[in-house]
Amino acid sequence: MRNFSVVLLLAAVVLCFSSVFVVTEGQRAIVLLFSKVQKDSDDKAVVYGPGLHFKVPFVAQVRLLDARIQTLDGAPDRFVTSEKKDLIVDSYVKWRVNDFSAFYLRARGDKQYAETLLKQKVNNGLRTNFGSRTINEIVSGERSELMEEALVQAGESAKELGIEVLDVRVKQINLPGEVSSSIYQRMRAERTAVAKEHRSQGQEKAETIRAEVDRRVTVMLADAERNARAVRGEGDALSAKIYANAYNKDAEFFEFVRSLEAYRKTFKDKNDVMVLSPNSDFFNYMKEAKAK
């Protein structure tokens, strides 16, 4: 009798634990009855929120699903623009489960499998949007419009998975390596051509400036030479005027002083030899001095 009571107690404990389940915060649960999702009277799946819940023991199976916002950030993909140019696009998607029954039935309740399907749908939307635009349109200002359209398309196609797409963002757009190399080479050639043009224009301006400076220097030197000649002429005229005035005041004394100055300069070097007639006017004052 005692053993039977123990068995009944153990059976009750097992039955109790089999009849309850706990859903933690950030999770939702659905219950399967004979591999079918439990539904309410309105034929909608019953979704259990956080807390302690009861189920049919042994028959019902509980599937816990993550209800938090998820981030799908996969590897960059290659897309083709309307110009048939390849782009390497790195993007990410924010999503969460909003229909847990559909998510379980269509995506097996598996996050990785759901993200694989979602990635395909998002890429299809991005591929359509990139394929209808040129590189210039994508880079210059239509990226936000592109992401909005991709968000709408991904949201519509993801509904069948029980997923709500919250955001689609393009993080980075790059060119393939082989394309980048050719573009960089073309850009380098363009910059080199522009640099050569600037250098040639600079050299032309430098020659123009040098020619203008040389012209100004020539004009300044000519003006200076003309002014110098004018000053010298004025000085010579003033000197002649002074000599004339001095001569007119005492002509004989002036001639005497000039003769003495001539004698001093002439007989300064004893090695000089002069051949002159004794009756030359040069010796007038010497003859007068001898006569006295």
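Two different hydrophobic clusters hold V152 and V168 under the rule that ILVMFWY side chains link at heavy-atom gaps under 4.5 Å. Hydrophobic cluster membership is shared by V23 and V46, with clusters built from Ile, Leu, Val, Met, Phe, Trp and Tyr side chains linked at under 4.5 angstrom.
Rounded to the nearest 0.5 angstrom, Q38 CD and L33 CG are separated by 5.0 Å. With rounding to the nearest 0.5 angstrom, the CD1 atom of I163 is 10.5 Å from the CG atom of D99. Taking CG of L118 as the reference point, atom CH2 of W95 lies at 7.0 Å (rounded to 0.5 Å). Between the CG atom in D73 and the NZ atom in K171 there is a gap of 3.5 Å [rounded to 0.5 Å]. Distance CG/D86 to OG1/T81: 8.0 Å, rounded to 0.5 Å. Residue T134 holds its OG1 atom at 4.5 Å from CD of E83, rounded to the nearest 0.5 Å.
The salt bridge (Lys or Arg N to Asp or Glu O under 4.0 Å) search around E148 returns none, not counting sequence neighbours. Residues forming a side chain to side chain donor-acceptor pair (under 3.5 Å) with E160 (at least two apart in sequence, or on another chain): K121. In this structure K119 satisfies the side-chain contact (heavy atoms from CB on, under 4.5 Å) test together with L72, D77, S91, N123, sequence neighbours excluded. Scored by the side-chain contact (heavy atoms from CB on, under 4.5 Å) test, Q203 finds no partners at all (sequence neighbours excluded). A search for salt bridge (Lys or Arg N to Asp or Glu O under 4.0 Å) contacts involving R127 returns nothing, not counting sequence neighbours. In this structure Q120 satisfies the side-chain contact (heavy atoms from CB on, under 4.5 Å) test together with T116, L117, sequence neighbours excluded. In this view, R68 and D66 satisfy the salt bridge (Lys or Arg N to Asp or Glu O under 4.0 Å) rule, not counting sequence neighbours. Qualifying salt bridge (Lys or Arg N to Asp or Glu O under 4.0 Å) partners for R169, counting only residues two or more places apart in sequence or in other chains: D167.
Taking both residues in full, the closest heavy atoms of A29 and L64 are given as CB-CD2, 3.6 Å, listed atom of the first, atom of the second, then distance. Here the closest non-hydrogen pair linking G49 and R28 is CA-CD, 3.9 Å. Nearest approach of A107 to A114, heavy atoms of both residues: CB-CB, 3.8 Å.
Around atom CD of E204, no more than 12 heavy atoms belonging to other residues, nucleotides or ligands sit under 6.0 Å away. For K196, the NZ atom sits in a loose shell: 12 or fewer heavy atoms of surrounding residues, nucleotides or ligands are nearer than 6.0 Å. E190 CD: more than 12 foreign heavy atoms inside a 6.0 Å radius.
Pairs engaging residues 230-242 under the side chain to side chain donor-acceptor pair (under 3.5 Å) rule: none recorded [sequence neighbours left out]. Pairs engaging residues 97-118 under the ring pair (Phe, Tyr, Trp, His ring centres under 6.0 Å) rule: none recorded [sequence neighbours left out].
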Cut-off 3.5 Å, no hydrogens considered: what does the side-chain donor-acceptor table look like for residues 214-224, sequence neighbours left out?
from, atom 1, to, atom 2, distance (Å)
R215, NE, E212, OE1, 3.4
R215, NH2, E212, OE2, 2.6
R216, NE, E212, OE2, 3.2
T218, OG1, D214, O, 2.9
D223, OD1, R226, NH1, 3.0
D223, OD1, R226, NH2, 3.0

(Q) Pair E197, S200 - check side chain to side chain donor-acceptor pair (under 3.5 Å), show working. (A) CA-CA 5 Å; E197 181 179 359; S200 63; over 6 Å; no
(Q) Could you walk me through whether K55 and V20 satisfy the side-chain contact (heavy atoms from CB on, under 4.5 Å) test, starting with their C-alpha distance in whole Å, then the side-chain angles of each, then the deciding distance to 0.1 Å, before giving a yes or no? (A) CA-CA 6 Å; K55 65 180 180 66; V20 297; over 6 Å; no
Q: Under the side-chain contact (heavy atoms from CB on, under 4.5 Å) rule, what do N129 and Q153 come out as? Steps first, then yes or no, please.
A: CA-CA 10 Å; N129 285 281; Q153 294 176 359; 3.4 Å; yes
(Q) Is there a side-chain contact (heavy atoms from CB on, under 4.5 Å) between L105 and S101? Walk through the geometry before answering. (A) CA-CA 6 Å; L105 295 174; S101 177; 4.0 Å; yes
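Contact annotation: the side chain of Y48 approaches that of V31 to within less than 4.5 Å [non-hydrogen atoms, C-beta and beyond]. Here the side chains of E164 and L166 are in contact, with some heavy-atom distance below 4.5 Å. For the pair V80/F130, no side-chain contact is recorded, criterion being any heavy-atom separation below 4.5 Å from C-beta on. Within the 4.5 Å cutoff, no side-chain heavy atoms of R78 are placed close to those of V89. For the pair T71/V93, no side-chain contact is recorded, criterion being any heavy-atom separation below 4.5 Å from C-beta on. No side-chain heavy atom of N174 sits less than 4.5 Å from a side-chain heavy atom of L87.
One finds a salt bridge joining R133 and E145 here, because a Lys/Arg side-chain nitrogen approaches an Asp/Glu carboxylate oxygen to under 4.0 Å.
Between the side chains of Q70 and K94, no donor N or O sits under 3.5 Å from an acceptor N or O.
Side-chain contacts under 4.5 Å among hydrophobic residues (ILVMFWY), followed directly or transitively, place L238 together with I242.
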